[in-house]
Amino acid sequence: MRIARFSIDGNVAFGAVEGDKQDELVLDIIKGIPFADYELSGTKVPVSKVRLLPPVLPNKVVAFGRNYAEHARELGNEVPDAPFAFFKPSTSVIGPGDDIQYPPFSQELHHEAELAVVIGRMCREVPRERVQDVIFGYTCANDVTARDVQKREKQWARAKGFDTSCPLGPWVETGLDLATASDLTVQLTVNGEQRQLGRTSEMIHSIEDLVVNISEAMTLLPGDVILTGTPAGVGPLNVGDEVAVTIEGIGTLTNKVVKRG
């Protein structure tokens, strides 16, 4: 099932996405929230009549860097022996169709297409055999990065945590098991030109590795998001660019780059 979060007439709700053709998609409005008991209301609204929002509002976004060997090498970095985590604040999250605002303190903005794991229940110290149980679903993400700031400041808080640096969407796909999610095509285009193309099977550390690693240190809450790393091919974004992340079996997340202010 594809679960979207949307606004219509000033109200925010979740809905199950139905249909295959983009211009014919409808939302069956959910009674309740998808992280607890809920049911479909039977009240349906066309996706074209609503504004899609970030599919979740995470308490935290835990991102893992250098989790694809070719991406690590393209930036001249060593492949880490263990998962390498950093954070993006909740204020960095935007949804499909929202603008990525080019930060005024950077001259080198980069795209990074990623598979995002959405946590479905509160959990800590998750054993490998229980990872599937704590995953609500998967969505598309773009770990937008101020590359020059990342290099200059060494730590990544501003480079990867600025407002609008974490597009998520267009919805959460709940029907993928771990085996399927671990071998999906991830691609990214800028103005229709392909920049990134890889598969989640190329990850150095698996989805299970990442969930086990971070849950050893902290409690994960429903709606928290784990970014699993990006394939090779990262590159510049400029004001006016339209960037689209497409992940097999999930959908396409599209955003435009604008000048802040």
Side-chain angles (χ1 to χ4, degrees), residues 1-3 5 14 16 30 32-38 54-72 77-90 92-93 112-141 143 156 160-161 166 168-169 171-186 198-231 247-250:
M1 182 181 291
R2 293 167 291 174
I3 303 292
R5 182 172 162 270
F14 289 94
I30 287 174
I33 60 172
F35 302 110
D37 291 336
Y38 70 89
V56 291
L57 288 177
N59 175 272
K60 53 186 169 293
V61 177
V62 183
F64 285 89
R66 303 170 186 169
N67 199 29
Y68 287 72
E70 290 304 313
H71 167 59
N77 297 311
E78 295 182 358
V79 176
D81 294 330
F84 180 79
F86 60 94
F87 293 97
K88 295 174 82 80
S90 59
S92 69
V93 173
E112 295 191 8
E114 309 208 6
L115 174 71
V117 179
V118 180
I119 298 300
R121 63 178 66 176
M122 185 169 67
C123 58
R124 187 179 67 174
E125 298 179 348
V126 181
R128 179 173 295 274
E129 63 273 14
R130 295 295 302 277
V131 167
Q132 178 70 65
D133 298 339
V134 306
I135 293 176
F136 176 66
Y138 302 87
T139 192
C140 306
D143 176 20
W156 300 356
K160 286 177 172 285
C166 190
L168 297 175
W171 40 65
V172 179
E173 173 56 68
T174 66
L176 300 175
D177 60 22
L178 267 171
T180 303
S182 298
D183 190 21
L184 298 175
T185 300
V186 178
R199 298 193 69 82
T200 56
S201 55
E202 298 168 3
M203 290 182 191
I204 300 167
H205 304 290
S206 68
I207 295 169
E208 294 100 316
D209 293 336
L210 304 183
V211 173
V212 169
N213 175 272
I214 199 62
S215 70
E216 285 178 338
M218 66 192 65
T219 299
L220 300 175
L221 302 175
D224 280 352
V225 170
I226 295 174
L227 304 188
T228 59
T230 192
I247 299 181
E248 178 185 1
I250 298 175

With rounding to the nearest 0.5 angstrom, report the [atom1] to [atom2] distance, [X] to [Y].
| X | Y | atom1 | atom2 | value |
| --- | --- | --- | --- | --- |
| Tyr138 | Leu178 | OH | CG | 4.0 Å |
| Thr174 | Ile135 | OG1 | CD1 | 12.0 Å |
| Lys60 | Leu220 | NZ | CG | 5.5 Å |
| Thr200 | Leu115 | OG1 | CG | 6.0 Å |
| Asp209 | Met203 | CG | CE | 10.0 Å |
| Asn213 | Ile226 | CG | CD1 | 9.0 Å |

When every non-hydrogen atom of Ser215 is compared with those of Arg124, the smallest separation belongs to O-CG, 3.6 Å

Which atom of Ile3 lies closest to which atom of Pro55, heavy atoms considered: O-CB, 4.4 Å

Compare all side-chain heavy atoms of [X] with those of [Y] and state whether any distance is below 4.5 angstrom.
| X | Y | value |
| --- | --- | --- |
| Arg5 | Leu57 | yes |
| Pro231 | Glu70 | no |
| Ile204 | Tyr68 | no |
| Phe35 | Val56 | yes |

For Glu112, check salt bridge (charged side-chain N to carboxylate O under 4.0 Å, His left out) against everything at least two apart and list the hits. Arg147, Lys160

For Ala116, is there any backbone N or O sitting under 3.5 Å from a side-chain donor or acceptor partner on Glu114? no

With sequence neighbours left out, the residues meeting side-chain hydrogen bond (donor to acceptor under 3.5 Å, both in side chains) with Asp183 are Arg199, Ser201

With sequence neighbours left out, which residue pairs that include part of residues 201-226 fulfil the ring pair (Phe, Tyr, Trp, His ring centres under 6.0 Å) condition? none

Please check if atom CE in Met122 has more than 12 non-hydrogen atoms from other residues, nucleotides or ligands closer than 6.0 Å. no

Inspect the surroundings of CG in Asp81 and state if more than 12 heavy atoms from other residues, nucleotides or ligands are less than 6.0 Å away. no

